[in-house]
Amino acid sequence: MSNTSSRLADARARIDELDEQIIAILAERMSVCASIAETKSDEGIPMMQPNRVDEVRERYVALGTERGLSQEFAKAVHACITREACRLEDEILGNTPKSQIIAIDHVAVAVPDLEAAVTELVEKYGMTVIERRSVDGKHSGMTSATLRANQATFVVCQGTSPASNVSQYVANRGPGIQHVALSVADHEAHQADLRKAGAELLTGIIHAPGLDQSFTRRSSTTGLQLEFVSRSEEHTGFEDDSVRELFESMERENVW
Ligand SMILES: [Fe+2]
């Protein structure tokens, strides 16, 4: 065996050893989680303690940084372990899986006259315009305004031509709710749950810095198209590329 191949064989053997240790440590970690779940169950303590989850995530990032791991990797490892710990706790406590949905992020409204809609929401309901945007897809476009009043956010959209999916929505249903966006805790896990449950997904997760979005098709049962959003703490608005990607997905599939 050459020196190089002997060094590679040694390194691979070392990786195998380390992987065994990682699996052994993860198994021990999960057994500690299981005993915590049993204690919580005995004492009637609620399972989710968000402050504790945040504290542990920060600790992962700090420990990872000390050892030269990227923050993204440390966060991803933490998210993966937390997801399994939650699943294990649910199993022990006999809970049905928890929804990842946290709250309404925004409501998108399709209208034939953006300025009239903005005027009404500002003058009659005290909302404030926080963002304006124009999006051009391959064949058509839309203009929109984001309005906010405290925790309530509306995105009002008008198509720029009859071919726009926003214009088609208005032509077919009249002005109204084009989609409802819900914030979710763990977007990847949520998508996996949706796929398992047979939800009709229009897009996968559309990634942008600090903002992940995904969309269902409009349900013929509820009339709702749902968006799911997860944001970093600092990110409160929207991203041009993500809005365009959704718009083009809807154009491509000819849905409105
Ligand atoms: Fe949206």
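Taking a cutoff of 4.0 Å between a charged side-chain nitrogen and a carboxylate oxygen, E91 and R87 qualify as a salt bridge. Between D54 and R57, at least one side-chain N (NZ, or NE/NH1/NH2) sits under 4.0 Å from a carboxylate O, which counts as a salt bridge. K40 and E38 are not joined by a salt bridge, as no carboxylate oxygen comes within less than 4.0 angstrom of a charged side-chain nitrogen. In this structure, E72 does not pair ionically with K75, as no charged nitrogen and carboxylate oxygen lie closer than 4.0 Å.
D186 is listed as a side-chain neighbour of R83, based on a closest heavy-atom distance under 4.5 Å. In this structure, D105 and R231 have side chains that are in contact, with non-hydrogen atoms separated by less than 4.5 Å. Between V156 and L147, some side-chain heavy-atom pair lies under the 4.5 Å cut-off. At a threshold of 4.5 Å between non-hydrogen side-chain atoms, the residues I206 and D212 do not count as touching. Between T222 and S219 there is a side-chain heavy-atom pair separated by less than 4.5 Å. The shortest distance between side-chain heavy atoms of V229 and L211 falls below 4.5 Å. At least one side-chain heavy atom of R218 sits less than 4.5 Å from a side-chain heavy atom of Q178. Looking at heavy atoms from C-beta onward, V109 lies out of side-chain contact with V155 at the 4.5 angstrom threshold.
Note on I104: it clusters hydrophobically with L121, by side-chain heavy-atom contacts below 4.5 Å among ILVMFWY residues. Residue I81 is grouped with residue L88 when hydrophobic side chains (ILVMFWY) are merged at heavy-atom distances under 4.5 angstrom, including chains of intermediate members. By the rule that hydrophobic residues join a cluster once side-chain heavy atoms approach within less than 4.5 Å of another member, L26 and I36 end up as members of separate clusters. Residues V122 and F154 fall within the same hydrophobic cluster, defined by Ile, Leu, Val, Met, Phe, Trp and Tyr side chains chained together at heavy-atom separations under 4.5 Å. Residues I130 and V118 do not share a hydrophobic cluster, defined by chaining ILVMFWY side chains whose heavy atoms lie under 4.5 Å apart.
Of all non-hydrogen atoms in S214 and T203, the two that sit nearest each other are CA-OG1, 3.5 Å. The shortest heavy-atom contact between S230 and H187 is OG-ND1, 2.7 Å. When all heavy atoms of A74 and Y60 are compared, the pair lying nearest together is CB-O, 3.6 Å. Annotation for S164 and G159: closest pair OG-CA, 3.4 Å, computed over non-hydrogen atoms. Here the closest non-hydrogen pair linking E89 and A37 is CG-CB, 3.6 Å. Minimum interatomic distance between R217 and L201 (heavy atoms only, all atoms of both residues): NE-O, 3.8 Å.
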(message) Between L202 and Q225, is the side chain to side chain contact (heavy atoms under 4.5 Å, CB included) condition met? List the steps.
(response) CA-CA 9 Å; L202 175 66; Q225 181 181 29; 3.5 Å; yes
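Rounded to the nearest 0.5 Å, atoms CG (L114) and SG (C157) are 8.0 Å apart. Here L226 contributes atom CG and T216 contributes atom OG1; the two are 4.5 Å apart, rounded to the nearest 0.5 Å. Annotation: the span from Q100 atom CD to L182 atom CG amounts to 12.5 Å, rounded to 0.5 Å. Note that CD of Q158 and OG of S167 are 7.5 Å apart. Values are rounded to the nearest 0.5 Å. The line from NE2 of H78 to CD of E58 is 9.5 Å long, rounded to the nearest 0.5 Å. With rounding to the nearest 0.5 angstrom, the CD atom of E20 is 12.0 Å from the CD1 atom of I25.
Residues forming a ring-ring contact (aromatic ring centres under 6.0 Å, His included) with H190 (at least two apart in sequence, or on another chain): F228. The side-chain contact (heavy atoms from CB on, under 4.5 Å) test applied to T160 returns T143, not counting sequence neighbours.
For Q21, the CD atom sits in a packed shell: over 12 heavy atoms of surrounding residues, nucleotides or ligands are nearer than 6.0 Å. Heavy-atom neighbours of D19 CG from other residues, nucleotides or ligands within 6.0 Å: above the threshold of 12. For E200, the CD atom counts as loosely surrounded, since its 6.0 Å shell holds 12 or fewer non-hydrogen atoms of other residues, nucleotides or ligands. For CZ of R59, the number of neighbouring non-hydrogen atoms (other residues, nucleotides, ligands) closer than 6.0 Å is 12 at most. Enclosure of atom CD1 in I102 by more than 12 non-hydrogen atoms of other residues, nucleotides or ligands within 6.0 angstrom is indicated.
Side chain of R132 to backbone of A145: no donor-acceptor contact under 3.5 angstrom is found. With Q168 contributing its side chain and A163 its backbone, the two residues share a donor-acceptor pair below 3.5 Å.
When only modelled atom types and interatomic distance are considered, R148 and T153 share a side-chain donor-acceptor pair under 3.5 Å. H207 and Q213 form no side-chain donor-acceptor contact under 3.5 Å, judged by distance and modelled atom types alone.
Taking the six-membered ring for Trp and the full ring otherwise, the centers of H179 and F215 sit less than 6.0 Å from each other.
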